[in-house]
Protein chains: 2
Amino acid sequence: MKNKSTIRDVAKLAGVSSATVSYVLNGVKKVSDDTKQRVLKSVEELNYYPDFTAISLSKSKSNLIGVMVPLITDSPASMFKKNQYYHEFLSGVEMIARNNNFDTMISGVGDPEECSNWVKKRNLDGLIFVGLFPENLYLEMSKLDIPIVLIDSYEEHANRYLNVQIDDELGGYAATRHLIELGHEKIVFVATSLASSPVDRKRYDGYKRAITEFHLPLDDRLTIETNDIAFDYGYKAGESIVRSSVHCTAVVAVSDNLAIGIIKALQDNGKRIPEDYSIVGFDDIAISQYITPSLTTVRQDVFDKGKTATELLMKSINDTDAPSPSGTTAVELPIKLIIRDSTKAL
Amino acid sequence: MKNKSTIRDVAKLAGVSSATVSYVLNGVKKVSDDTKQRVLKSVEELNYYPDFTAISLSKSKSNLIGVMVPLITDSPASMFKKNQYYHEFLSGVEMIARNNNFDTMISGVGDPEECSNWVKKRNLDGLIFVGLFPENLYLEMSKLDIPIVLIDSYEEHANRYLNVQIDDELGGYAATRHLIELGHEKIVFVATSLASSPVDRKRYDGYKRAITEFHLPLDDRLTIETNDIAFDYGYKAGESIVRSSVHCTAVVAVSDNLAIGIIKALQDNGKRIPEDYSIVGFDDIAISQYITPSLTTVRQDVFDKGKTATELLMKSINDTDAPSPSGTTAVELPIKLIIRDSTKAL
DNA sequence: TGATGAAATGAAATCGCTTTCAATTATAGG
DNA sequence: CCTATAATTGAAAGCGATTTCATTTCATCA
């Protein structure tokens with residue numbers, strides 16, 4: 001029971017050569033109906049299924065995709081531990097990959113070469129990049145000639161690959177406008193890093209557009225950067241809001257994670273949400289409607305993002321007859337402002 | 001740049017046979033210091049690194065481990081989406097695996113045969129089972145002769161494998177006792193399923209022990225089963241607590257996820273936590289200290305659980321000289337009652 | 001009926017590595 | 001200096017598929 005049967009076992013039982021079995025199984029060459037039936041019967045009888053490792057070696061096709069996540073702090077693991085976003089995304093990837101008979105492997109990106117080696121060592125058929133990476137990584141990866149899907153990328157190189165994203169600027173705008181329409185004028189914007197995260201910057205652009213559109217003053221002191229998305233960084237941001245000399249009445253955060261930390265800090269300091277402060281998050285992760293007050297947020301379906309990205313990747317992998325050097329597709333997924341209890345008219 | 005160099009390239013450059021290169025790289029046979037240096041130099045020069053696929057085929061060793069999660073509803077994906085627990089666990093696995101030059105693949109378990117085929121197709125070197133599975137799966141897996149680590153398993157077969165768990169009974173006891181000592185007498189126990197989850201049952205045993213020890217009456221009506229760990233199932237449990245004819249003042253839930261849903265439902269129905277109800281959760285997931293009120297809970301380090309399990313697995317995989325048919329090791333990780341703001345003296 | 005081209009099949013090479021076993025070289029002992 | 005023994009190395013056979021190319025078989029048609 002421990003030993004699986006090989007293609008030769010099947011061939012022998014069916015009285016044909018292993019080549020013929022391969023032909024039948026891959027439908028790659030015409031095989032007479034008679035032999036085909038015989039082969040199929042033997043396959044059935046021996047409970048045969050092909051070995052991915054062997055296929056991988058001979059076809060250079062592993063039925064394996066890799067998901068690259070940024071190596072922000074010490075390890076990809078600690079990254080996951082902190083950020084719900086990646087999990088929901090990966091769930092989507094997993095699901096579609098599995099439907100296509102693919103398996104998924106995750107990797108934190110060290111240097112470009114290491115990453116490139118990983119792809120070659122494992123014979124990966126495709127790659128998904130989620131998050132932000134150094135320029136030279138994209139360069140190195142482009143030499144790999146496997147399909148690549150970028151998520152949330154505003155990089156120069158982005159348009160050379162497949163792309164899945166949302167309208168971050170619009171998200172930032174919608175969140176801010178919602179607060180302004182509720183009468184708020186002093187609105188803090190909490191980002192991880194404006195300098196190094198294009199996504200944050202886009203959302204900030206949206207924030208600025210709303211502020212300007214309603215003729216409110218832009219105040220640099222109303223911007224906070226946390227450098228990390230973990231809850232406790234949000235908490236610190238919340239504390240600094242309380243202590244700040246510039247008084248504000250509302251907050252836009254670039255992620256629900258951050259928003260949750262902020263709310264907690266505010267509450268711990270005796271402030272009431274939404275009476276004293278209105279808060280808007282971003283993402284709508286699963287927990288967001290179960291905290292108190294439930295979180296007003298810009299919803300994006302991260303799970304769906306993972307699914308869409310993987311579908312794109314699968315399609316691209318299966319397009320063996322790819323004519324031009326990949327067709328630069330960009331998919332923009334919808335976002336939606338979800339109004340809950342953390343925001344309130346002034 | 002696209003083509004990687006093979007062992008033969010290295011061999012040629014070093015003026016030896018590919019066998020010798022293999023010897024050097026695996027340290028499997030004595031090679032003279034002179035040739036060894038030459039080989040190493042060529043490896044360096046050609047930027048050579050071995051191809052996992054080829055190794056896998058010839059050695060039947062893939063440097064790949066699989067993590068099996070239960071297929072509760074439709075897909076493993078939806079499972080992940082709902083339960084933070086798995087994520088934290090997987091993060092731990094990922095981390096240790098990576099440190100050992102292993103990659104990790106996840107799979108929801110369909111039927112045992114499918115699972116067994118997966119292992120063989122991919123040549124997996126080891127397996128981690130996290131959660132509860134049908135008996136016959138363990139049976140099928142035992143035929144595979146690769147190391148297996150079970151998590152949280154109280155199965156019959158459990159003691160034939162490596163094992164990582166916590167003292168669930170004690171956890172249930174500690175949570176309940178804490179509430180009793182605060183003066184609570186009517187304490188609801190919320191589980192997913194007492195019938196089908198041994199973990200829940202153990203925690204319930206602890207609950208009962210505490211109740212009995214303090215001479216309180218055991219009331220069946222104070223037990224709620226949700227059949228799922230998603231937030232909304234907790235929410236429903238919370239609603240049923242409010243509507244129940246038996247009035248209670250405290251709740252023990254088998255997971256923080258559930259507890260969070262319960263709290264939300266209670267609050268939505270105008271109840272105050274902890275004034276009207278004291279709540280204790282289980283796990284201490286990352287979010288638990290950031291909700292309001294912060295959650296009193298029985299902490300287990302799930303991330304560490306993943307790490308420990310994987311370390312065990314790695315050790316077992318590397319023990320090629322395994323003497324007896326695997327050494328039935330069981331590791332019990334500590335738990336700790338973390339008292340926060342969701343519980344209060346009556 | 002024999003020639004001809006198409007259809008069906010198989011032998012063997014290949015993918016990149018490991019490993020057995022034999023051959024070669026070095027070292028030591030007499 | 002010669003042989004016995006140990007230490008190094010390499011040739012070649014796998015591992016389990018795919019795939020090229022040649023061969024056989026079959027229809028078809030003149």
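Note on naming: letters A, B, ... go to the chains in the order of the sequence lines (proteins, then strands), and numbering restarts at 1 for each one.
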Chemist: Looking at side-chain heavy atoms only, is the closest gap between A:Leu333 and A:Gln165 below 4.5 Å?
Modeler: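 They are not in side-chain contact.
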Chemist: Answer yes when A:Arg98 and A:Glu94 have at least one side-chain N-carboxylate O distance shorter than 4.0 Å, and no when they do not.
Modeler: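 Yes, A:Arg98 and A:Glu94 are salt-bridged.
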Chemist: Is B:Arg122 salt-bridged to A:Asp51, going by a charged N under 4.0 Å from an acidic O?
Modeler: no
Chemist: Below 30° counts as parallel, above 60° as perpendicular, anything between as tilted: where do the rings of B:Phe89 and B:Tyr85 land?
Modeler: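 It falls in the parallel class, under 30°.
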Chemist: Given that B:Tyr23 and A:Ser58 both sit by DNA chain C, which one's nearest nucleotide is further toward the 5' end?
Modeler: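 Of the two residues, A:Ser58 wins.
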Chemist: Tell me the interatomic distance from A:Lys59, atom NZ, to D:dG16, atom C1', rounded to whole angstroms.
Modeler: 13 Å
Chemist: What verdict does the side-chain contact (heavy atoms from CB on, under 4.5 Å) test give for A:Ile148 and A:Met141, after you've listed the backbone C-alpha separation in whole Å, the side-chain angles of each residue and the deciding distance to 0.1 Å?
Modeler: CA-CA 8 Å; A:Ile148 294 181; A:Met141 292 303 105; 3.7 Å; yes
Chemist: Could you write out each protein N or O paired with an N or O of nucleotides 22-25 of chain D at a distance under 3.5 Å?
Modeler:
none

Chemist: Going by atom types only, do A:Glu332 and A:Asn163 share a side-chain donor-acceptor pair under 3.5 Å?
Modeler: no
Chemist: If I take atom CG in residue A:Asn123 and atom P in nucleotide D:dT18, what distance separates them, rounded to the nearest angstrom?
Modeler: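 Result: 14 Å.
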Chemist: Within the 3.5 Å criterion, strictly below it, is a donor on A:Lys121 or A:Asn123 matched to an acceptor on the partner's side chain?
Modeler: no
Chemist: Does anything in residues 30-49 of chain A reach DNA chain C, meaning a heavy atom under 4.0 Å, and if so which residues?
Modeler: A:Lys30, A:Val31, A:Ser32, A:Thr35
Chemist: Side chains of A:Pro50 and A:Ile7, heavy atoms from C-beta outward: is any pair under 4.5 Å?
Modeler: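 SC-SC contact between A:Pro50 and A:Ile7 ruled out.
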Chemist: Between B:Lys305 and B:Asp152, is there a salt bridge with N-O shorter than 4.0 Å?
Modeler: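 Looking at B:Lys305 together with B:Asp152, the answer is yes, because their closest N to O distance falls below 4.0 Å.
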Chemist: Please report the distance, rounded to the nearest Å, between CG in A:Asn26 and P in D:dT18.
Modeler: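 It works out to 5 Å between those atoms.
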Chemist: In whole Å, what is the span from the CG atom of A:Leu25 to the P atom of D:dT19?
Modeler: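 Whole-Å distance recorded here is 13 Å.
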Chemist: Run the side-chain donor-acceptor check on residues 36-44 of chain B: report pairs under 3.5 Å with partners two or more places apart or on a different chain.
Modeler:
{"unit_1": "B:Arg38", "atom_1": "NH1", "unit_2": "B:Ala14", "atom_2": "O", "d": "2.7"}
{"unit_1": "B:Ser42", "atom_1": "OG", "unit_2": "B:Arg38", "atom_2": "O", "d": "3.0"}

Chemist: Taking five pairs at each end of the helix from C:dT1-D:dA30 to C:dG30-D:dC1, what angle separates the two helix axes (nearest 10°)?
Modeler: 60°
Chemist: So which of residues 6-22 of chain B are in contact with DNA chain C, with a heavy-atom cut-off of under 4.0 Å?
Modeler: B:Thr6, B:Ile7, B:Arg8, B:Ala19, B:Ser22
Chemist: Should A:Lys315 and A:Thr329 count as side-chain neighbours, where that means a heavy-atom distance under 4.5 Å?
Modeler: no
Chemist: Identify the 5'-most and 3'-most nucleotides of DNA chain C with at least one atom closer than 4.0 Å to a non-hydrogen atom of chain B.
Modeler: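 The contact span of chain B on DNA chain C goes from C:dG16 to C:dC21.
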Chemist: Classify the angle between the aromatic ring planes of B:Tyr138 and B:Tyr161 as parallel (below 30°), tilted (30 to 60°) or perpendicular (above 60°).
Modeler: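 Ring orientation of B:Tyr138 relative to B:Tyr161: tilted.
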Chemist: By the definition side-chain contact (heavy atoms from CB on, under 4.5 Å), identify the one residue from A:Thr310, A:Leu124, A:Leu127 that meets it with A:Ile65.
Modeler: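 Answer after filtering A:Thr310, A:Leu124, A:Leu127: A:Thr310.
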Chemist: With no hydrogens and no angle check, do the side chains of B:Thr53 and B:Ser56 hold a donor and an acceptor under 3.5 Å apart?
Modeler: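 B:Thr53 vs B:Ser56: no donor-acceptor pair found between side chains.
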Chemist: With side-chain contact (heavy atoms from CB on, under 4.5 Å) as the test, would you mind laying out the steps for A:Val69 and A:Tyr86 before giving the verdict?
Modeler: CA-CA 8 Å; A:Val69 298; A:Tyr86 287 92; 3.8 Å; yes
